Asks: 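What follows is a structure written as structure tokens; I'll ask about it next.
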Number of protein chains: 2
Amino acid sequence: MSRGVITSADVALRAGVSRSAVSRCFTPGASVSSKTRGRVMEAAQALGYRPNAIARSLNKGRSRMIAVVLGYMDNPFYPAMLERLAARLQACGYRLLLFTAKPDGSCDELFSEILVYQVDGIILGSILLTSALAQRCRAARIPLVLVNRTTDDRVVSSVTADNRNGARAVADFLLAGGHKRFAYVAGLASSSTNHDRETAFRKRLTEAGVSAFIREEGAYTREGAQDAARRLLQRPRPPDAIFCANDHMALAVMDVARFELGLRVPEDVSIVGYDDVASAAWPSYRLTTVEQPVDVMAQAAVDSLMGRIEGGQRGGEQVRIPGELVVRDSARRPASGIVTVDGQDLWRPRERMKARAKA
Amino acid sequence: MSRGVITSADVALRAGVSRSAVSRCFTPGASVSSKTRGRVMEAAQALGYRPNAIARSLNKGRSRMIAVVLGYMDNPFYPAMLERLAARLQACGYRLLLFTAKPDGSCDELFSEILVYQVDGIILGSILLTSALAQRCRAARIPLVLVNRTTDDRVVSSVTADNRNGARAVADFLLAGGHKRFAYVAGLASSSTNHDRETAFRKRLTEAGVSAFIREEGAYTREGAQDAARRLLQRPRPPDAIFCANDHMALAVMDVARFELGLRVPEDVSIVGYDDVASAAWPSYRLTTVEQPVDVMAQAAVDSLMGRIEGGQRGGEQVRIPGELVVRDSARRPASGIVTVDGQDLWRPRERMKARAKA
DNA sequence: AGAGTAATTGCACACGTGTGCAAGCTTTTC
DNA sequence: GAAAAGCTTGCACACGTGTGCAATTACTCT
């Protein structure tokens, strides 16, 4: 108390009860008479006492902190995700310990820093997880969930968009639009998200008999995407449709196409992204893209963690969140298959068939 | 050890030394013979031991955690700031505890959550600080630094851009460009940053004899800025120059001007922002704006905090970071006063005079 | 009223670490 | 070789909390 910090002992002294009684007053469900509770609360109020979370963590072996590791924040999808995660965790009474890592570099040394803080769970966003790290988490019994990435280790939980379905929808959409020469701007080749989107996209095109397919790597960065766009669009026979592994790169590709090369979008080249970040809807871009519902994914990640921390679930669930293909003006529109919902145009070829069947 | 957590006692047992010896091995500058250090480190390595940060925090009364509170992340300036803060704090061996609050709402209840975790310092970004909160921090002896906001309380430290100078430069720049009817799109009126930019901008215009000045409030949101732009530009005599309190709103204003109202920028109306966020440089916008050097500001905030945590400084310093007016294409260019540095055009009327003097 | 039961309370220990203090040991110095 | 000085080391306490256990108190029922 003299040093400015007031402890339960100070409150106990003032209220004329034992320290245990004070502790019980701040422990939901503990046995305290209403009389002592009143006196304790009054004393606590007067002194401005709140139980020390650090001491409580040490005692209970639970810190009520969740480590969130993000690779990079240039892509606005991640700040948005972070904001949702912070809100969700706060609502659950947990605190968010933020770490940043190089997106390609492994985060081994970071992991030591994290484990030392006895966090109750870890959320990894856009970070590739080595099996050694997964093993360490399992040994320390710390639940872990990947966001926007998966891993082969089926024991690790993950929350991703339904990337294969999304990429297939893009392929179908572009085919229906009558495109002939396709290109893909890849993210980091090592990321599962890129792999899922690329392979599903390519497979669908191959099934449709398309042979004109080229790819360039953009490494998820704006500069990488710009270079990729230049290489793609300055070929003798440039593509008439470009699918980018995310919106962040798609916007860069649009800028290069329009302002460096003087191309019209979508008349000369169609461009499709993935994420539906806020700027995709801006009138300067009006990017056609597959949405990745940020708040649903954040909620799923937190739910998965809570299920394993508070309930005793074993983990290893792979949650896939579906997302709509939002049709705007950066890609040529097919004659049919587009429905309008809440003022947004969506690519839903099935629904149209249903509607036709109904008529 | 049976429960999976290994403590210094386990290491001590294995190395055949006392627990204190283990502790000293992990305390820089403690007295340990090289022989025991070797045995301890070997045992620690074998068992995978690292000192429990929670227990250490409790013991030392220092958690090595810094709370960062952000109001909103829609404006990409804040994610960028957050990323820099995270990197800087990590480099100093501190952890970042992230909290989010409503930008207008006070964060009183949040503060209780923060203080409970015994953080060593608090960084507030785009949050208005009530004097009651400042008082609580002082009572708890927790250093506090505001980023991008100031307060009248001269005991509170803050890091901001040199907003008055920046706004004056914008006024001079627009006057030199021959503009006649000026408008300002305000952020939250309660924020010091908005106040400084607005009053300095207006004062300079008044000094120059300008009477045509109107203002609208955009509340720092995209929607607010769009509404403000519509009100401004649909007046009988619309402004020919609009200064926006930040880039986030300036981009929205540009979109409304060009795509809703069919105006040409900068031929019909000049638009200037503040922050120099990444998207301001995108070719779709090429926004003329005053830079707010994110990494310099982050460094200054961390330095200020460290000076008070580790050194024993008293605090109360008001750091103002200067920033250049970056000239792009969203505002009519004056005939003179622009110099090119590292491929960027900057508004430096003084320097030009110097250059002329030299010739 | 008395016995039996339920609720409340305080003691004491545990959580895992850092560190002052004194004792033990090693090295230096005369 | 002995005394002095300097390193190391272990003991024991502190940090602030939660909780099992036993003791005490309050309450209920016959």
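When reading the values below, keep in mind they use all heavy atoms of this one structure, side chains included, and skip hydrogens, waters and symmetry mates. Everything numeric here is computed off the predicted structure, so don't read it as measured data. In what follows, every chain begins at residue 1, and chains take the letters A, B, ... in the order their sequences are listed.
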Asks: In whole angstrom, what separates A:R56's CZ from C:dT17's P?
Replies: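 A:R56 atom CZ is separated from C:dT17 atom P by 21 Å.
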Asks: Decide if atom CZ of B:R64 counts as having more than 12 heavy atoms of other residues, nucleotides or ligands within a radius under 6.0 Å.
Replies: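 Yes, the 6.0 Å shell around CZ holds more than 12 heavy atoms from other groups.
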Asks: Starting at CD of A:Q118 and ending at P of D:dT17, how long is that distance when rounded to a whole Å?
Replies: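 Spelled out: CD on A:Q118 to P on D:dT17 is 19 Å.
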Asks: Check the interface with nucleotides 7-10 of chain C: list each N/O to N/O pair with the protein under 3.5 Å, or write none.
Replies:
| residue | atom | partner | partner atom | Å |
| --- | --- | --- | --- | --- |
| C:dT8 | OP2 | A:S31 | OG | 3.2 |
| C:dT9 | OP1 | A:S33 | OG | 2.9 |
| C:dT9 | OP1 | A:T36 | OG1 | 3.1 |
| C:dT9 | OP2 | A:S33 | N | 3.1 |
| C:dT9 | OP2 | A:T36 | OG1 | 3.2 |
| C:dG10 | OP2 | A:S18 | N | 3.0 |
| C:dG10 | OP2 | A:S18 | OG | 2.9 |
| C:dG10 | N7 | A:R24 | NH2 | 2.9 |
| C:dG10 | O6 | A:R24 | NH2 | 2.7 |

Asks: For a quick check under 3.5 Å, do A:R24 and A:T36 share a side-chain donor-acceptor pair by atom type?
Replies: no
Asks: Can you tell me if B:T7 touches the phosphate of C:dG16, counting only side-chain N or O atoms and a distance under 4.0 Å to OP1 or OP2?
Replies: no
Asks: Is the shortest side-chain N/O distance from A:Y49 to OP1 or OP2 of D:dT17 below 4.0 Å?
Replies: yes
Asks: Compare every heavy atom of B:D153 with every heavy atom of B:R138, then report the nearest pair and how far apart it is.
Replies: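 Heavy-atom minimum between the residues: NH2-OD2, 2.8 Å.
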Asks: Taking side-chain contact (heavy atoms from CB on, under 4.5 Å) as the definition, give me every residue that meets it alongside A:A67, ordered by chain and number, with sequence neighbours left out.
Replies: A:F99, A:I114, A:V119, A:I122
Asks: Find the distance B:R64:CZ to C:dT17:P and express it as a whole number of Å.
Replies: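 It is 17 Å, rounded to the nearest whole Å.
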Asks: In whole Å, what is the span from the CZ atom of A:R50 to the P atom of D:dG16?
Replies: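 Going from CZ in A:R50 over to P in D:dG16 covers 17 Å.
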Asks: Would you say that A:I66 contacts A:I123 through its side chain, given a criterion of any heavy-atom pair below 4.5 Å between the two side chains?
Replies: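 A:I66 vs A:I123: side chains touch.
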Asks: Which class fits the ring pair B:Y78 and B:Y72: parallel under 30°, tilted 30 to 60°, perpendicular over 60°?
Replies: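 It falls in the tilted class, 30° to 60°.
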Asks: Would one find more than 12 heavy atoms of other residues, nucleotides or ligands at under 6.0 Å from atom CD of A:E42?
Replies: no
Asks: Closer than 4.0 Å, any side-chain N/O of B:S8 to the OP1 or OP2 of C:dT17?
Replies: yes
Asks: In whole Å, I'd like the distance from the CZ atom of A:R62 to the C1' atom of C:dA14.
Replies: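 A:R62 atom CZ is separated from C:dA14 atom C1' by 17 Å.
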Asks: Between C1' on C:dC15 and CG on B:L58, what's the gap in Å once rounded to a whole number?
Replies: 9 Å
Asks: If I take atom CD1 in residue A:I54 and atom P in nucleotide D:dT17, what distance separates them, rounded to the nearest angstrom?
Replies: 12 Å
Asks: Give a yes/no on whether any side-chain N or O of A:K60 is located under 4.0 angstrom from OP1 or OP2 of C:dA14.
Replies: no
Asks: Measure CG/B:N52 against C1'/D:dG16 and give the value in whole Å, please.
Replies: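 Taking atom C1' of D:dG16 as the reference, CG of B:N52 is at 14 Å.
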